[in-house]
**Q** 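After the structure tokens below, expect a handful of questions from me.
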There are 2 protein chains.
Amino acid sequence: MGFLGNAPRLDGLIERLESANGLDDLQILIEELRDQYGVDHIIYHWVNSSGEQYGCGTYDLEWVNRYVEKGYLRIDPVIQGCYQRFHPVNWKRLDWSSKSARALMKDAIEHGIGNQGFSIPIRGPNGQFALFSLSHNCSDAEWEEFTETNRRDLILVAHYFNQKALEFEPGRTPEPAQQLSPREIEAMTLLAIGYSRAQAADTLSISEHTLRVYVESARFKLGAMNTTHAVARALSRGLIVV
Amino acid sequence: MGFLGNAPRLDGLIERLESANGLDDLQILIEELRDQYGVDHIIYHWVNSSGEQYGCGTYDLEWVNRYVEKGYLRIDPVIQGCYQRFHPVNWKRLDWSSKSARALMKDAIEHGIGNQGFSIPIRGPNGQFALFSLSHNCSDAEWEEFTETNRRDLILVAHYFNQKALEFEPGRTPEPAQQLSPREIEAMTLLAIGYSRAQAADTLSISEHTLRVYVESARFKLGAMNTTHAVARALSRGLIVV
DNA sequence: ATTCTACTCCCCAGAAACTGCGAGGCCGGG
DNA sequence: CCCGGCCTCGCAGTTTCTGGGGAGTAGAAT
């Protein structure tokens, strides 16, 4: 495996990131970045709701396909952990206690991902969630020092990467991010925290019929099939908070 | 009004941010930061839909109270605009066309907020949304140059600010995050993407009754009142990804 | 001035979900 | 070996949700 290189000059890189003109440019930049940092892999991974997710990075296609096919997305502690965190995290600090997680790690190491990793969670509008991760093969101490040294730069790079990816996003939700009205938000929030329609209506001091109108209206705006679906969408788009 | 100062040394500041030990420290740091940058105001503002929101910064209390009382939160183009954006934004670029928005701007200028502003949206887990904003009184050109020059540093500062604010947040869920079984996850996921129980059962090639057992089991594990509640909890805990 | 959006209320019938009961097989850990 | 967790299936009765009507107010936007 390669050596951890010196920290590259960020200014030029970010400028080139800002002037990137398509997903291909991002792929080129990410490879360059990997070489400059001297790590084994860097990946930017858009973890999207609708299944169609975009990613670019230096993993081989084989591993990516394997990852998707095996449904690793659902058990990967990196995903699970970063989803609950704000700050970047060293993979070693995550919870690898479950059997499936350890199987995943073993499989990953066998596919040359490396035994160390560092992931930066990034969140955008409408509940967008992405990860910017570096992986490498080295000792714990080396990795700890590397991530400590480059943490700030990496946060910035991850940020700019996501900004670009958002610009190029293919599936810019055709619906222009329908906003919910205040009452609709209240209604959906109450349902999301477990109230029945009757309870929610009571809490808002309105008739259950009225509450139903809000829920239906929200369901329509969100393009949802039923109440549960609507609450799920409202949550993933960050329209309501539980 | 003051002068736009030179960019401060970030390293020391971020280190002090990282070792901040309470909300008071953040208040001290934000005032210092304002003086170093030579802008009129800097505020960090946690925008929570549930009403209880934390903020620190250099606005006078009078303006903050006025802002809340007048319900400006709901009409402020800064909030609205940043909520839909990922990248920091100059207030001049926002949509001030509505009457209420212009009234807000007029009111703000009269209260000494300044005619220029720059806001960085920040998002955390569970739909957390915060703003880190600077405001000042100067010409468009000056402000444009200032924000261009300091954009990257400010993004980083905003990031670390939010990290600290999250640490100090009172309402951290202590619950040990019950895991769901694979089948339960599948069932909940299907419900979350809008399938009815019958459809979901069909998709998994099991009877509807069986599916129901999974949902009930998941509901129990999550301490949820009903299916909608369970799906909402599973989503916010990152147990399922829609 | 008119249109539009948000908010409020009402009825009804059919579809779907919830509650509570019970049952058997499979697998891994103590 | 037994217990517990997971996966699978069934019935019956009650409650809730859904989707189709209609109708009026107030405030903001054009």
Side-chain angles (χ1 to χ4, degrees), chain A residues 74-75 97-100 102-103 176 178-192 194-234 239, chain B residues 70-72 74-77 80 95-104 176 178-192 194-232 239:
Chain A
R74 304 214 177 280
I75 53 171
S97 61
S98 96
K99 191 183 296 182
S100 53
R102 278 195 304 273
Q178 270 283 24
Q179 287 282 0
L180 298 183
S181 79
R183 277 312 224 191
E184 284 161 359
I185 291 178
E186 288 180 292
M188 300 300 284
T189 304
L190 290 174
L191 295 185
Y195 285 31
S196 71
R197 294 202 304 198
Q199 287 175 310
D202 206 49
T203 304
L204 297 178
S205 303
I206 55 177
S207 79
E208 190 185 331
H209 301 102
T210 304
L211 185 115
R212 227 179 57 194
V213 174
Y214 296 145
V215 177
E216 273 175 47
S217 161
R219 206 170 49 219
F220 180 76
K221 286 184 179 176
L222 297 165
M225 308 290 290
N226 51 48
T227 302
T228 300
H229 191 196
V231 168
R233 289 206 157 172
L239 300 174
Chain B
K70 290 235 176 187
Y72 280 159
R74 301 221 174 276
I75 53 171
D76 192 339
Q80 307 283 329
D95 173 26
W96 296 93
S97 62
S98 96
K99 192 184 296 182
S100 51
R102 278 195 304 274
L104 161 59
Q178 264 278 24
Q179 285 285 353
L180 298 181
S181 80
R183 274 315 221 191
E184 285 160 359
I185 292 179
E186 287 180 295
M188 300 299 284
T189 304
L190 291 173
L191 293 185
Y195 285 33
S196 70
R197 294 202 304 199
Q199 287 176 309
D202 206 49
T203 304
L204 298 179
S205 303
I206 56 177
S207 79
E208 191 185 331
H209 303 277
T210 303
L211 184 114
R212 230 179 52 195
V213 174
Y214 297 145
V215 177
E216 273 174 44
S217 162
R219 207 167 50 215
F220 180 75
K221 286 183 180 176
L222 296 166
M225 307 291 290
N226 52 48
T227 302
T228 300
H229 191 197
V231 167
L239 300 175

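Convention: sequence-line order gives letters A, B, ...; per-chain numbering from 1. As the structure is a computational prediction, the values presented were derived from the model and not from experiment. Scope of the values below: all heavy atoms of this structure, side chains included, with no hydrogens, waters or symmetry mates.
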**Q** In whole Å, I'd like the distance from the NE2 atom of B:H209 to the C1' atom of C:dG20.
**A** 14 Å

**Q** Between D:dT16 atom C1' and B:H229 atom NE2, what is the distance in whole Å?
**A** 17 Å

**Q** Could you check which of D:dA29, C:dT19, D:dG19 has an atom nearest any side-chain atom of B:S98?
**A**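 Of D:dA29, C:dT19, D:dG19, D:dA29 is nearest to the side chain of B:S98.
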
**Q** Closest to the A:R183 side chain: D:dT8, C:dC7, D:dC6?
**A** C:dC7

**Q** Choose from D:dA29, C:dA17, D:dT8 the nucleotide whose nearest atom is closest to any side-chain atom of B:E208.
**A**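 Nearest to the side chain of B:E208 among the choices is C:dA17.
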
**Q** Using a cut-off of 6.0 Å, state whether more than 12 heavy atoms not belonging to B:Y72 lie near its atom OH.
**A**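 Enclosed.
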
**Q** Rounded to whole angstrom units, what separation is found between the CD atom of B:E184 and the P atom of D:dT8?
**A**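 Answer to the nearest Å: 11 Å.
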
**Q** Out of A:T189, A:L222, A:I185, which one pairs with A:L239 under the side chain to side chain contact (heavy atoms under 4.5 Å, CB included) rule?
**A** A:L222

**Q** Testing the basics here: between A:A232 and B:V231, what is the closest heavy-atom pair and its distance to 0.1 Å?
**A** CB-CG1, 4.1 Å

**Q** Looking at the side chain of A:I206, which of C:dA6, D:dC7, C:dC9 is the nearest nucleotide?
**A**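 Ranking C:dA6, D:dC7, C:dC9 by closest atom to the A:I206 side chain puts C:dC9 first.
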
**Q** Given C:dT5, is OP1 or OP2 found less than 4.0 Å from the side-chain N or O atoms of A:K221?
**A**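 For C:dT5, OP1/OP2 do not have a side-chain N/O of A:K221 under 4.0 Å.
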
**Q** Are B:R219 and C:dT19 close enough that a side-chain N or O sits under 4.0 Å from OP1 or OP2?
**A**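 True: B:R219 side-chain N/O within range (under 4.0 Å) of C:dT19 OP1/OP2.
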
**Q** Hey, which sits more toward the 5' end of DNA chain D by its nearest nucleotide, B:S100 or A:S196?
**A**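 Nearest nucleotide further toward 5': that of A:S196.
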
**Q** Looking for any heavy atom pair under 4.0 Å, which part of the strands does A:T210 touch: base, sugar-phosphate only, or nothing?
**A**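 Base contact.
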
**Q** Grab the CG-P distance between A:L180 and C:dT5 for me, whole Å please.
**A**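 Interatomic distance, CG of A:L180 to P of C:dT5: 15 Å.
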
**Q** Which pair of non-hydrogen atoms, one from B:G194 and one from B:Q199, has the smallest distance, and what is that distance?
**A**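 Looking at all heavy atoms of both residues, the shortest contact is O-OE1, 4.1 Å.
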
**Q** Round to a whole Å and report the spacing from CG of B:L191 to P of D:dC17.
**A**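 Distance, rounded to whole Å: 15 Å.
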
**Q** On the side chain of A:R212, is there an atom forming a donor-acceptor pair with the base of D:dG21 - under 3.5 Å, no angle test?
**A** no

**Q** Base, sugar-phosphate or nothing for B:S217? Non-hydrogen atoms, less than 4.0 Å.
**A**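 Nothing, no heavy atom under 4.0 Å.
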
**Q** Where each residue is assigned the nucleotide of DNA chain D containing its nearest heavy atom, which of B:Y214 and A:R197 is assigned the position nearer the 5′ end?
**A** B:Y214

**Q** I'd like to know if the side chain of A:E216 and the backbone of A:V213 have a donor-acceptor N/O pair within less than 3.5 Å.
**A** no

**Q** Looking only at heavy atoms, which two atoms of A:L191 and B:T228 are closest? And how far apart?
**A**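 Looks like O-CG2, 3.9 Å.
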
**Q** Quick one: B:D202 CG to C:dA16 C1', roughly how many Å, whole number?
**A**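 B:D202 atom CG is separated from C:dA16 atom C1' by 16 Å.
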
**Q** Nearest of D:dC9, C:dC18, C:dC10 to any side-chain atom of A:S207?
**A**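 Nearest listed nucleotide: C:dC10.
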
**Q** Would you mind reading off the distance between B:L211 atom CG and D:dC7 atom P, rounded to a whole angstrom?
**A** 12 Å

**Q** Find the distance A:E216:CD to D:dG20:P and express it as a whole number of Å.
**A**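 So the two atoms are 9 Å apart, to the nearest Å.
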
**Q** Using the closest heavy atom to pick a nucleotide of DNA chain C for each, name whichever of B:T228 or B:V213 lands nearer the 5' end.
**A**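 Result of the comparison: B:T228.
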
